[in-house]
Protein chains: 2
Amino acid sequence: MDETAGFAQRDEGPAAPSGAAGARHPGRRASMADVARLAGVSSQTVSRVSNGFPGVTEETRRQVLAAMKQIGYRPNSAARALKRGEFRTIGVILFSLSSTGNVRTLEAIAASAAHEGYAITLLPVAVPTQDEVRGAFTRLGELAVDAVIVIMEVHLLDAVTVSLPPNVQVVVADSDAGDRYTVVDTDQVGGTRAAVRHLLDLGHRTVWHLAGPEESFAAQRRAGAWRAALEEAGREVPEPARGDWSAESGYRAGLRLAGEPGCTAVFAANDQMALGLLRALHERGRSVPGDVSVLGFDDIPEAGSFVPPLTTVHQDFAEVGRRCVQGVLRQVRGESPERGTTLVPTRLVVRRSTGAPPAGDR
Amino acid sequence: MDETAGFAQRDEGPAAPSGAAGARHPGRRASMADVARLAGVSSQTVSRVSNGFPGVTEETRRQVLAAMKQIGYRPNSAARALKRGEFRTIGVILFSLSSTGNVRTLEAIAASAAHEGYAITLLPVAVPTQDEVRGAFTRLGELAVDAVIVIMEVHLLDAVTVSLPPNVQVVVADSDAGDRYTVVDTDQVGGTRAAVRHLLDLGHRTVWHLAGPEESFAAQRRAGAWRAALEEAGREVPEPARGDWSAESGYRAGLRLAGEPGCTAVFAANDQMALGLLRALHERGRSVPGDVSVLGFDDIPEAGSFVPPLTTVHQDFAEVGRRCVQGVLRQVRGESPERGTTLVPTRLVVRRSTGAPPAGDR
DNA sequence: GGGACATTTGTTCACGTAAACACGACCGTC
DNA sequence: GACGGTCGTGTTTACGTGAACAAATGTCCC
């Protein structure tokens, strides 16, 4: 608490970079040379102190540190990056931040990266068109990053014929293509399987599915796993309904499903659609879970506050983010060029939207 | 479409940086000098082409471009930043990405920044303690950014006595303190006023309030405006309930409010809490809007799919983000050191959770 | 006391880019 | 045909840092 206002925004530090001498840019940041001059040492010594290198007397170190503090020295990261050939920055390229999963993953990535001393540069792609993606990668090419984490469906990525600069590593979250990149993903198949089994165990004859958009790989995998789980159990596989991940689309699909006779359990591909589904069922006078059981995917924070609280498959996005950073940094450090998919386990969270089917349908 | 695989990840471009000569780092990226050598010109000419400067023959330009393409040249942003003294990067410092508002704002910031040719560096602060914030600002100090956008309650910021490097501009979103920083915020007072008036116009005697956490400035302002609007209309001001923005806290508060006699209209400080409130009312057998009207704040995408669809105050986070970038870039360009608060208007979205009070309470 | 060696500090230079300046070729004008 | 002015291009240099090397100062042992 030795400085006054929050952001000092000082026009010129207490001791400005040595008068008019080197002050070309008026508000120029202090450089190592300035510190060196003030402390009466060479700039190399300042560098050593700045990097915590040995071979500096305690006495000298103290003087240098004092000088640094006095003129408010901060290492120039551009010069540092230029010299070292690394930026200590990871680029994250993703589609709009509207999906909870992406955001949570990003959050974890940022936290992990910060912990490792890396910064995050964000590259959102507004519209998932090839042109947009291509543009983002082009920008990325000249961006100051050592590595890239892509949170995206790979099929879009494949369409993009962009070459990254050599030595820029890539990890892809939430996708297939583990054979070509290092991929981190949640165990969607396992989660789906647990979801379906939970409903069948409750006594439902079969489980309907409210799928995500066709072009989404995650949606495909959930739908595929749902089908497989039903077939494995020897149950009938109803025609899946389809939404676009939004609650609104879940509502529309729900209005249809509400009219389906024999539909006593629905597995929605995400929680938002499950929310819309709940609303549709409510409006159609079908009680949940009395008449119909509803099960979601994601476990968004609000899921426990739906009416009724939603049983859903919890995804550990934080862990995905952490592993992405680990993977990409391992590559940066040249430790292992491992490709392949890492699966983060999911967990079924049972709340109150699922129960036994109505007596007649048992 | 002239390149092969998605990420070429070429170990060494088609024409590596001129043999073993300058190849200290094996996978070194091609530099201007390499391009110059290949094209048979000086590196300065390459620079001119690279920056689209005039004074280069069409003929020469073509040759240089061809050479660039051949060896896969990308400008080195570190060197560029060092030379130019600017990074073309904006740092965004915010608390956890769990609030919809923050995320939407961030999204818009990223989009606007990209549009202006700026990159975004993300600095999430996990826990809103002073130490954490201080740490983030320290990191920020040596980060490669020209400007900073802070999405945070200023009171936390004030506690932090960190000085940013000179010339680093600051814009604060969602806060007060317009006298010290450039602040962009949504018109929370106007939105609240519209919300309260809407409920009073429907015939409610008064409006209860489910407030956000005490330490939140946004919560304070909404609560204050709610109180003012009621007093202005000469209505009784009930004791506000308090949550922590989460749906769960809204549920707990809702259980209490459901028992309050005379509580026919509740204005929740955000949509998540409104969601929990809806659930509590539903569980207590109070119909919405038949017995109680509920009104939220934010207009999150799911709000229209609540049961019933939520009437709420829409915040234009995208506009907030855009103005943040505008403001900060204006400062960077030295156009105006304007302080003061910019207000982005809100809009009342009437759905089905509000209606006239029950006959007895009219 | 002299030589081998460790410890601390200083000097030089290169990283890749781009501003400033220098140079030569070509143009039209008188 | 000599002169000033463009125009296109090359040369030099600086940005701030840190590796490599050099130098200065001890320190110890024989």
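Order of the sequence lines sets the chain letters (A, B, ...), proteins ahead of strands, with each chain counted from 1. Keep in mind that the numbers below use all heavy atoms, side chains included, and drop hydrogens, waters and symmetry copies.
Rounding to whole angstrom units, NZ of residue K83(A) and P of dA14(D) are separated by 18 Å. Between E86(A) atom CD and dC15(C) atom C1' there is a gap of 14 Å when expressed in whole angstrom units. Between the P atom of dA18(C) and the CZ atom of R48(B) lies a distance of 12 Å, rounded to the nearest Å. With rounding to whole Å, M68(B) atom CE is found 13 Å from dG16(C) atom C1'. dT17(D) atom P lies 14 Å from atom CZ of F53(A), rounded to whole Å. Rounded to whole Å, the distance from CD on Q44(A) to P on dA24(D) is 17 Å. When rounded to the nearest whole Å, the span between CZ of F87(B) and C1' of dG16(D) equals 10 Å. Going from atom CG of D34(A) over to atom P of dC15(D) covers 10 Å, rounded to whole Å.
Nucleic acid contact for V46(A): none, since no nucleic acid atom lies under 4.0 Å from a heavy atom of the residue. Residue contacts for T60(A): at a heavy-atom cut-off of 4.0 Å it reaches the sugar-phosphate backbone alone, with no base atom in range. The residue V41(B) sits close only to the backbone: its heavy atoms come under 4.0 Å of sugar-phosphate atoms, none of a base.
A donor and an acceptor atom never sit less than 3.5 Å apart when one is taken from the side chain of R74(B) and the other from the base of dG16(C).
Checking dG16(C), dT9(D), dT17(D) against the side-chain heavy atoms of A79(B) singles out dG16(C) as nearest. Residue R80(B) places its side chain closer to dT17(C) than to any other of dT9(D), dT17(D), dT17(C). Comparing dG16(C), dT8(C), dT17(D) by their closest approach to the side chain of Y73(A) singles out dT17(D).
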Would you check, one step at a time, whether the test side-chain contact (heavy atoms from CB on, under 4.5 Å) holds for V325(B) with Y118(B)?
-> CA-CA 10 Å; V325(B) 173; Y118(B) 276 72; over 6 Å; no
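Remark: the T60(B) side chain and the R48(B) side chain contain no N/O donor-acceptor pair separated by less than 3.5 Å. Judged by distance alone, the side chains of T105(A) and N102(A) never bring a donor and an acceptor atom under 3.5 Å apart.
Heavy-atom minimum distance, R84(A) versus N51(A): NH2-OD1, 3.0 Å. Across all non-hydrogen atoms, the minimal contact from V332(B) to D146(B) is CG2-O, 4.0 Å. The shortest non-hydrogen separation linking I71(A) to L38(A) is CG2-CD2, 3.8 Å. Shortest non-hydrogen contact noted between A78(B) and A81(A) is CB-CB, 3.8 Å.
One end of the helix from dG1(C)-dC30(D) to dC30(C)-dG1(D) points its axis 50° away from the other end's axis, with each axis taken from 5 pairs and the angle rounded to 10°.
Counting only heavy atoms from C-beta outward, the side chains of E107(A) and V103(B) never approach each other to under 4.5 Å.
Checking the phosphate oxygens (OP1, OP2) of dT9(C), a side-chain nitrogen or oxygen of T57(A) falls inside 4.0 Å. Here N76(A) does not reach the OP1 or OP2 of dC15(D): none of its side-chain N or O atoms lies under 4.0 Å away. Checking the phosphate oxygens (OP1, OP2) of dG10(D), a side-chain nitrogen or oxygen of T45(B) falls inside 4.0 Å.
Along DNA chain D, the nucleotide closest to A33(A) and the one closest to S42(B) are compared, and the more 5′ of them pairs with S42(B).
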